Amino acid sequence: MKKIINSPEQVVEEMLQGVALAHPQYVKRLEGFNVLVRAGAPSPKVALVSGGGSGHEPTHGGFVGKGMLDGAVAGAVFTSPTPDQVFEAVKAVNGGKGVLLVIKNYTGDVLNFEMAGEMAAAEGIEVEKVVVDDDVAVENSTWTTGRRGIAGTLFVHKIAGAKAEAGGSLAEVKRVAEKVIANVRSMGMALSPCTVPAAGKPSFTLAEDEVEIGMGIHGEPGTHREALRPADEIVAHLMDKILADNPVAAGDEVAVMVNGLGGTPLMELYVVNRKVAEILGAKGAAIAKTYVGNLMTSLEMAGFSITVLKLDREIKELLLAPADTPAFVQF
Amino acid sequence: MKKIINSPEQVVEEMLQGVALAHPQYVKRLEGFNVLVRAGAPSPKVALVSGGGSGHEPTHGGFVGKGMLDGAVAGAVFTSPTPDQVFEAVKAVNGGKGVLLVIKNYTGDVLNFEMAGEMAAAEGIEVEKVVVDDDVAVENSTWTTGRRGIAGTLFVHKIAGAKAEAGGSLAEVKRVAEKVIANVRSMGMALSPCTVPAAGKPSFTLAEDEVEIGMGIHGEPGTHREALRPADEIVAHLMDKILADNPVAAGDEVAVMVNGLGGTPLMELYVVNRKVAEILGAKGAAIAKTYVGNLMTSLEMAGFSITVLKLDREIKELLLAPADTPAFVQF
Amino acid sequence: MTNVYVAAIEAIGEAMIRNKEYLTDLDAAIGDADHGINMVRGFEAVRGKLGALPPEADLATVLKTVAMTLISTVGGASGPLYGTAFLRAAAVAQGKSAVDGATAVSLFMAAVNGIKERGKATRGEKTMLDALEPAYEAFAAGVGDNKPLPDCLELACAAAERGIEYTKTIVATKGRASYLGERSLGHQDPGATSSYILLKALNDFCRRRPAEEA
Amino acid sequence: MTNVYVAAIEAIGEAMIRNKEYLTDLDAAIGDADHGINMVRGFEAVRGKLGALPPEADLATVLKTVAMTLISTVGGASGPLYGTAFLRAAAVAQGKSAVDGATAVSLFMAAVNGIKERGKATRGEKTMLDALEPAYEAFAAGVGDNKPLPDCLELACAAAERGIEYTKTIVATKGRASYLGERSLGHQDPGATSSYILLKALNDFCRRRPAEEA
Ligand SMILES: Nc1ncnc2c1ncn2[C@@H]1O[C@H](COP(=O)(O)OP(=O)(O)O)[C@@H](O)[C@H]1O
Ligand SMILES: Nc1ncnc2c1ncn2[C@@H]1O[C@H](COP(=O)(O)OP(=O)(O)O)[C@@H](O)[C@H]1O
Ligand SMILES: [Mg+2]
Ligand SMILES: [Mg+2]
Ligand SMILES: [Mg+2]
Ligand SMILES: [Mg+2]
């Protein structure tokens, strides 16, 4: 394992210190907890709290700031944070208008955030939750845990965050978040695995010419493995899956995110975006905004995901509203 | 070679198309050239043009926009662009107030940009140039080509760009750029190599426990190889070199950039920043602003560089001025 | 004199440490390769917290300490699930000075029900419940037949072990392994395995000591 | 009838293609592993451009076409340097209908001086000049001694080859290899090597043809 760290045990703690030292204008560390909150928290608006295992940076701590999150809770690498940590975040950001928990659909995240919500409710804090499940790689079914939450979660942070910043009530912020969740779909693929520092070895192996399609962001296996194909073919396959689940028609407006998993050069992400734009263009859809970058990563995993969000007037306006956070700034 | 591309021959072209499709608000492609210019170019201010080999994304195309660059010229991967391409960029962005070429100190970049400057001068366009040489890994000497230009170049883009945006004359913009160059120092290290698509194989190899200190951003060898050490020790070594060349004293104000080379998770960059801040704090220096991210990359190389810029009132103000580009936005 | 409840929990913790890599490897195959790491992080914290308890701490206090510590250190799916199990058991133990057969059955039942409610899962979904629920039933049946408690625990372990084998034959519909669909077939569930390890460690502990408590 | 100048340049291009990997590997050791790729990209473009010239194109036109094409396709350090060399040679060739010894010498000198001025380098800095300048001197000496031009070219090649060997013994102080300091010792300069390959290809070309031109 080749990593620029001091020790696997200290890596989350030292990362959080590094973030707080880098961005004092934006965030402060809750002493004694793996929690970053907005520098000015609490503020008199609905607050958003998200979080999950570490290793997805800049998610979630990088999105704490104006127009996005109020608090981010960091678990151990790839392990959901515990309820007491989430509860502390909720208490620290609650400005009296209530708190929305944005949860990615993993059993661990859901259970821990739910327990935190119960603890907060017991203290009289108004808490609501939404569960993001944008990953179409996994079949949805009411009999299973359903789809996973991946990069599309950032659109929830951005859009619900803008609604809260604009003074929306907890119910309104939740409604908007759920509208985004209903309209956002993603799918990814991986070229190479990543190594959880505490594990010390890659969580899976791929042959030199093999890729994993539908890869999860914690190294969970995807739908299948196949030989590496040209970028355009891979993109076409992922877009097929995404649009099958959430079709776009001529005249629809969408936002796009081409997300790198951490080890893939931006050069390749732009090659991907070229084909994504071509496919959407051929369907007659208009792309209102495109984001390309390493936003929801899996440590140093090579690969990417594509996210398509169908817009209506309301969520488009909220998407394009200003935001100012360490990892996402928009005028 | 495992890359998400269609072909090594097409990768720069398709990347540029992908950038133009992703960010029409910010940039437009000069048809027939590997050049990205501001969407509204030319504008009636001093224009900044930079560029270099591709493979350092988001450098330079990602920094075209308000308050930074007016044009970016992309060469083949890791190969300086040719003079005719640079010349086209200069012509397209020249708004009559002159053009500053920001060149990284590599023989190829210097020669090609110089020739472009001569071509522009021959057409009556006022052109000045600055050469960035922030990499302290390489000994400086008037008898050699001197130090290399690496991530510190982005501070030149930002600060000279702000001066131009504020209406500074070509001479003023150049003076500010040179002040930044005089005060900025960087040094990096690599954990793993990268593969130039056209070459198809990694440009060097490192053993499983070996790192290269003082690595160049094109895979050029650094000062030496050594066994992987804890992050804090590596950072202390790089900071020693940087501060030996450009000492900071108690009361000095600095800006810091912890730059990932493409394959290193943000988590590790923040662990690095923690130690950087500690070292500067121990010297009594105040950190006015910290940037952490993959800004000047070497494809998928794992590793990082640290940049320290000493500020005075003028360059601090220009550094903190707003900017709006695809890869760098600041309120 | 050491607190027998504390000693029993410590024996469970040691078993988790011994099986850390095994549990993690099972999770690597169908999950995210952290189950052993999670359990050990939790039980190492538990050891610290139990060490700070007064020697006369009663069962409810010990169980509640285990619960709160697991909840606040394990994370993932298993943290809230095992945490809730211990919390519910603690509630049943409240005020009880000794554990007879009926008490042991209701402790066990409360724990299993806690997991079912928290995780909204039932038997047959390839989770820890596939080990725990049959183990509970075997235990309760033994108590019903007036067997000595250590024998009942032995029966529970055997049932849990069969539960592990059973998880290999079914597709996961809860937890992270459910994303795999058919590809989860043939693999044994890590959480069912840690449940068996827990019961087995308790059983071994009881065998090593005069059978004064369960 | 094919244009002899075009044919000579094409022979050089083929030699670069044959040595693409060799030159790139030399550059990998002390540079950035692209010199062969750069030269081939340039000379492949040159072939296309020369193909579009009228068959009666004169030497100046051919050299200028080569120059402009190399400048606009090679990039890196070698592009402007070789481009400038051909551009300066083209200026000397302007208006000349045949190449005699004196013309050949001044062509060659203009090319070498172009590289020196553009790159601000001198001999002994581990660059292409360590092959080209001795080659030029040997060539000029041969012409001074009234040797036939092909023999002069042969002398130039031999000198360039010795120049390559010499680059192994010195530390680079110009170009990308200069960043290596002492570590560049023992390695042969890629640009000096491509210069030798160019001269050698020209020499071979002349030997294959009736020696009407240099
Ligand atoms: N809904 C559920 N009900 C009961 N047990 C569950 C449920 N979801 C997951 N589990 C158990 O949790 C185990 C995984 O635990 P762990 O790896 O620690 O958490 P995570 O899946 O969050 O990484 C699974 O093997 C399974 O036995
Ligand atoms: N200043 C200079 N003067 C003459 N030749 C030079 C100079 N700098 C570099 N070179 C030559 O250029 C060669 C490298 O060319 P190339 O690899 O194509 O460019 P780059 O170094 O930009 O990648 C070197 O081997 C050297 O011979
Ligand atoms: Mg986990
Ligand atoms: Mg090069
Ligand atoms: Mg797990
Ligand atoms: Mg080179």
Side-chain angles (χ1 to χ4, degrees), chain B residues 8-9 34 51-53 55 73-88 105-116 118-119 135 137-139 141-148 193 195-196 198-199 201-204 214-224 298, chain D residues 20-21 24-25 27-42 44-45 67-84 87 114-115 117-122 124-128 171-184 187 191:
Chain B
E9 293 72 34
N34 290 346
V73 193
V77 176
F78 290 176
T79 301
S80 352
T82 57
D84 53 318
Q85 302 272 337
V86 180
F87 178 44
E88 288 302 322
N105 191 30
Y106 299 94
T107 306
D109 289 54
V110 171
L111 297 183
N112 286 287
F113 275 78
E114 264 177 11
M115 285 179 83
E118 290 167 20
M119 291 159 89
D135 186 355
V138 176
E139 295 301 326
S141 148
T142 41
W143 302 106
T144 71
T145 21
R147 295 186 305 244
R148 298 177 289 219
T195 299
V196 173
K201 59 184 182 199
S203 43
F204 59 96
M215 190 72 219
I217 56 171
H218 308 91
E220 303 99 333
T223 56
H224 65 282
S298 299
Chain D
K20 179 177 176 180
E21 223 181 308
T24 299
D25 287 348
D27 198 26
I30 55 170
D32 60 350
D34 64 359
H35 188 55
I37 300 169
N38 292 345
M39 296 304 287
V40 167
R41 185 173 50 244
E44 278 182 344
M68 298 312 285
T69 310
L70 291 181
I71 289 173
S72 68
T73 57
V74 175
S78 52
L81 291 168
Y82 279 123
T84 301
L87 204 57
I115 291 175
E117 283 166 31
R118 176 60 64 202
K120 298 188 188 68
T122 54
E125 303 204 85
K126 195 169 184 136
T127 71
M128 50 178 72
V171 167
T173 53
K174 280 283 162 7
R176 208 176 289 275
S178 69
Y179 305 132
L180 282 175
E182 300 287 319
R183 287 162 89 192
S184 72
H187 293 283

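Each chain gets a letter, A, B and so on, in the order its sequence line appears, and its residues count up from 1. Fair warning: this is a prediction, and the values are worked out from it, not measured in the lab.
For the pair D:Arg183 (side chain) and B:Thr223 (backbone), a donor-acceptor distance under 3.5 Å is present. At least one donor-acceptor pair closer than 3.5 Å links the side chain of B:Asn112 to the backbone N or O of D:Gly76.
For the atom pair B:Leu111 CG and D:Arg118 CZ, the distance stands at 6.5 Å (nearest 0.5 Å). To the nearest 0.5 angstrom, D:Arg176 atom CZ is 9.0 Å from B:Arg148 atom CZ. Note that CD of B:Glu9 is 11.0 Å distant from CZ of D:Arg41, once rounded to the nearest 0.5 Å. Annotation: the span from B:Thr145 atom OG1 to D:Glu125 atom CD amounts to 8.5 Å, rounded to 0.5 Å. Note that CG of D:Asp32 and OG1 of B:Thr79 are 6.0 Å apart. Values are rounded to the nearest 0.5 Å. How far CE of B:Met215 is from OH of D:Tyr179: 13.0 Å, rounded to the nearest 0.5 Å.
The contact between D:Asp25 and chain B is made entirely by side chain atoms (from C-beta outward), counting heavy-atom distances below 4.5 Å. With a 4.5 Å cut-off on non-hydrogen atoms, D:Thr84 touches chain B through its side chain but not through its backbone. Contacts between D:Asp34 and chain B at a heavy-atom distance below 4.5 Å involve the side chain alone, from C-beta outward. Contact of B:Glu220 with chain D is made through backbone and side chain together, with heavy-atom distances under 4.5 Å. Neither the backbone nor the side chain of D:Ala177 comes within contact range of chain B; no heavy atom of the residue lies under 4.5 Å from a heavy atom of that chain. With a 4.5 Å cut-off on non-hydrogen atoms, D:Ile71 touches chain B through its backbone and its side chain both.
Smallest separation of non-hydrogen atoms from D:Ala77 and B:Thr107: CB-CG2, 3.9 Å.
If you tally non-hydrogen atom pairs under 4.5 Å between each of D:Ser178, D:Ser72, D:Ala33 and chain B, the highest count goes to D:Ser72. When the candidates B:Ala137, B:Ala198, B:Gly216, B:Pro83 are compared by the number of heavy-atom contacts under 4.5 Å with chain D, B:Pro83 comes out ahead.
Between D:Lys120 and B:Glu114 a salt bridge is recorded (basic side-chain N to carboxylate O distance below 4.0 Å).
With sequence neighbours excluded, the residues satisfying salt bridge (charged side-chain N to carboxylate O under 4.0 Å, His left out) with D:Glu21 are B:Lys201.
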